[in-house]
J.: 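Take this structure, written in structure tokens, and hold onto it; I'll ask about it next.
A, B, ... follow the sequence lines: proteins, then strands. Residue 1 opens every chain.
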2 protein chains.
Amino acid sequence: MENPRELFQIMTRRFGMLNKNCCSSGGNDLSLVQSHILYEIDRLDQPNVQQVADILGMDITTFSRQIQTLVKMNLVKKSQLPEDRRIHILSLTTEGKYTAAAIDAEMNQYLEEVFSHMNEFEKETVLRSINLLNNAMAKSTVCCKPLI
Amino acid sequence: MENPRELFQIMTRRFGMLNKNCCSSGGNDLSLVQSHILYEIDRLDQPNVQQVADILGMDITTFSRQIQTLVKMNLVKKSQLPEDRRIHILSLTTEGKYTAAAIDAEMNQYLEEVFSHMNEFEKETVLRSINLLNNAMAKSTVCCKPLI
DNA sequence: AATAATATTTGCAAAATGCAAATAAAATGA
DNA sequence: TCATTTTATTTGCATTTTGCAAATATTATT
């Protein structure tokens with residue numbers, strides 16, 4: 001087989017292309033990063049600004065501004081924590097949840113189309129493999145440290 | 001298992017983080033896109049500007065400017081085709097080849113570290129799966145059309 | 001020769017990025 | 001307790017990236 005990096009390079013690029021088309025759900029036109037942000041806020045439990053920025057590997061200042069944009073778009077809510085008023089908890093608004101769900105559905109639909117080009121066994125193997133990979137990356141010291 | 005999109009989302013993000021650290025090889029500090037550009041120019045045979053932009057799914061004007069930067073950095077050479085002087089062929093300079101190879105080696109080293117967290121059989125399965133996936137994406141109608 | 005088509009570049013204005021510094025609030029410690 | 005340090009988040013600013021529209025350069029077509 002070819003070199004591993006080659007395989008990964010191609011795969012991530014193609015998935016990135018999928019992702020690119022995905023994010024115009026619900027009237028709102030989102031960038032790729034913005035869709036990642038919605039995804040993580042949805043996934044995590046009461047995360048604060050710093051946590052989400054860390055998980056996404058984004059600079060905190062860039063992230064802060066992205067959040068401001070998403071708040072203006074009425075997709076994200078930011079609420080100061082009473083116990084510690086330095087901390088601001090992020091959550092999705094109803095519209096944000098709707099948008100996140102729409103993107104998720106659309107992406108899964110895309111992926112189904114991709115999987116339609118292989119048989120059920122192959123599909124299962126692929127999904128299991130990616131799971132394996134994610135776990136390995138989680139253990140890795142060279143990346144991915146800040147995750148849940 | 002979780003939903004497929006979830007798996008992909010996490011995987012591509014983590015690989016992206018790997019990629020982020022990768023690109024400072026050889027003194028030159030490259031962005032992620034720039035490393036992708038070097039990679040594709042290296043891989044393809046005498047590609048022109050339009051072809052590489054298409055493969056990377058980049059806007060041609062953005063791409064044109066990135067090439068200008070890489071030419072200034074002495075990593076890429078752009079030569080007008082005598083038979084059709086509208087077309088400009090891209091190639092890597094010696095320094096560009098060196099840089100591309102250094103990045104490739106570094107990425108493979110990172111990936112080896114990741115694979116060290118699984119056994120040989122799992123590694124083989126994962127690599128085969130990604131290959132399967134790439135082929136399926138290549139056939140897909142929802143992405144990835146412009147590829148080699 | 002005039003017009004259309006193709007390949008690439010520039011003009012601009014918007015968005016994204018990231019460092020340094022500012023602000024706000026809590027924790028620590030003499 | 002009050003001064004200092006630490007933590008969380010935001011702004012200032014300068015750079016880079018992006019992409020549409022238009023310009024340029026060159027070849028193909030009529």
J.: Take atom CD1 of B/I60 and atom C1' of C/dT9, then tell me their distance rounded to the nearest Å.
T.: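 That distance rounds to 9 Å.
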J.: Of all the nucleotides listed (D/dT18, C/dG18, D/dT26), which has the minimum atom distance to the side chain of A/D59?
T.: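 Among the listed nucleotides, the one closest to the side chain of A/D59 is C/dG18.
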J.: Which distance, rounded to the nearest 0.5 Å, do you find between the NE2 of A/H88 and the OG of A/S64?
T.: 9.5 Å
J.: Taking 4.0 Å as the cut-off, does a side-chain nitrogen or oxygen of B/Q80 come that near to OP1 or OP2 on D/dA25?
T.: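 For D/dA25, neither OP1 nor OP2 has a side-chain N or O of B/Q80 closer than 4.0 Å.
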J.: For the side-chain contact (heavy atoms from CB on, under 4.5 Å) test, which of A/D54, A/V52, A/V33 pairs with A/F63?
T.: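 Of A/D54, A/V52, A/V33, side-chain contact (heavy atoms from CB on, under 4.5 Å) with A/F63 is met by A/V52 alone.
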J.: Can you tell me the distance, in whole Å, between the CG atom of B/D54 and the C1' atom of C/dA7?
T.: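 The answer, rounded to whole Å, is 11 Å.
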J.: For A/R85 and for B/Q50, locate the closest nucleotide of DNA chain C by heavy-atom distance; then report the residue assigned to the nucleotide nearer the 5' terminus.
T.: B/Q50
J.: What's the closest nucleotide to the B/I87 side chain, out of D/dT18, C/dA26, C/dT8?
T.: C/dT8
J.: Nearest whole angstrom, please: distance from the P of C/dA26 to the NE2 of A/H88.
T.: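 Spelled out: NE2 on A/H88 to P on C/dA26 is 11 Å.
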J.: Just how far, in rounded Å, is C1' of D/dT29 from CG of B/D84?
T.: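 Computing the B/D84:CG to D/dT29:C1' distance gives 15 Å.
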J.: Side chain of A/R86 only, heavy atoms from C-beta on: which candidate in D/dT26, D/dT11, C/dA24 is closest?
T.: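 Ranking D/dT26, D/dT11, C/dA24 by closest atom to the A/R86 side chain puts C/dA24 first.
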J.: If you find the nucleotide of DNA chain C closest to A/S31 and the one closest to B/T61, which residue's nucleotide is nearer the 5' end?
T.: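 Closest to the 5' end, via its nearest nucleotide, is B/T61.
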J.: Within the pair A/T62 and C/dA16, is there a side-chain N or O less than 4.0 Å away from OP1 or OP2?
T.: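 For C/dA16, neither OP1 nor OP2 has a side-chain N or O of A/T62 closer than 4.0 Å.
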J.: Taking CG from B/L81 and C1' from C/dA7, how many angstroms apart are they, rounded to a whole number?
T.: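 One finds 11 Å between C1' of C/dA7 and CG of B/L81, rounded.
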J.: Let me know the distance between CG of A/N48 and P of D/dT10, rounded to the nearest Å.
T.: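 These atoms are roughly 10 Å apart.
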J.: What distance separates A/Q9 CD from B/F15 CZ, expressed to the nearest 0.5 Å?
T.: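 Taking CD in A/Q9 and CZ in B/F15, the distance rounds to 6.0 Å.
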J.: Taking atom CD1 of B/I87 and atom OG of B/S79, what is their separation to the nearest 0.5 Å?
T.: 12.0 Å
J.: State yes or no: do B/V49 and B/I37 share one hydrophobic cluster built from I, L, V, M, F, W and Y residues joined by side-chain heavy-atom distances below 4.5 Å, directly or via other members?
T.: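 Looking at the clustering, B/I37 is in the same group as B/V49.
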J.: With respect to the phosphate group of D/dT10, does any side-chain polar atom (N or O) of A/K78 fall under 4.0 Å of OP1 or OP2?
T.: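 Yes, within the criterion.
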J.: Could you check how far CG of B/L70 sits from P of D/dT16, rounded to whole Å?
T.: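 Those two atoms, CG and P, are 14 Å apart.
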J.: Whole-Å distance between C/dA16 C1' and A/Q68 CD?
T.: 13 Å
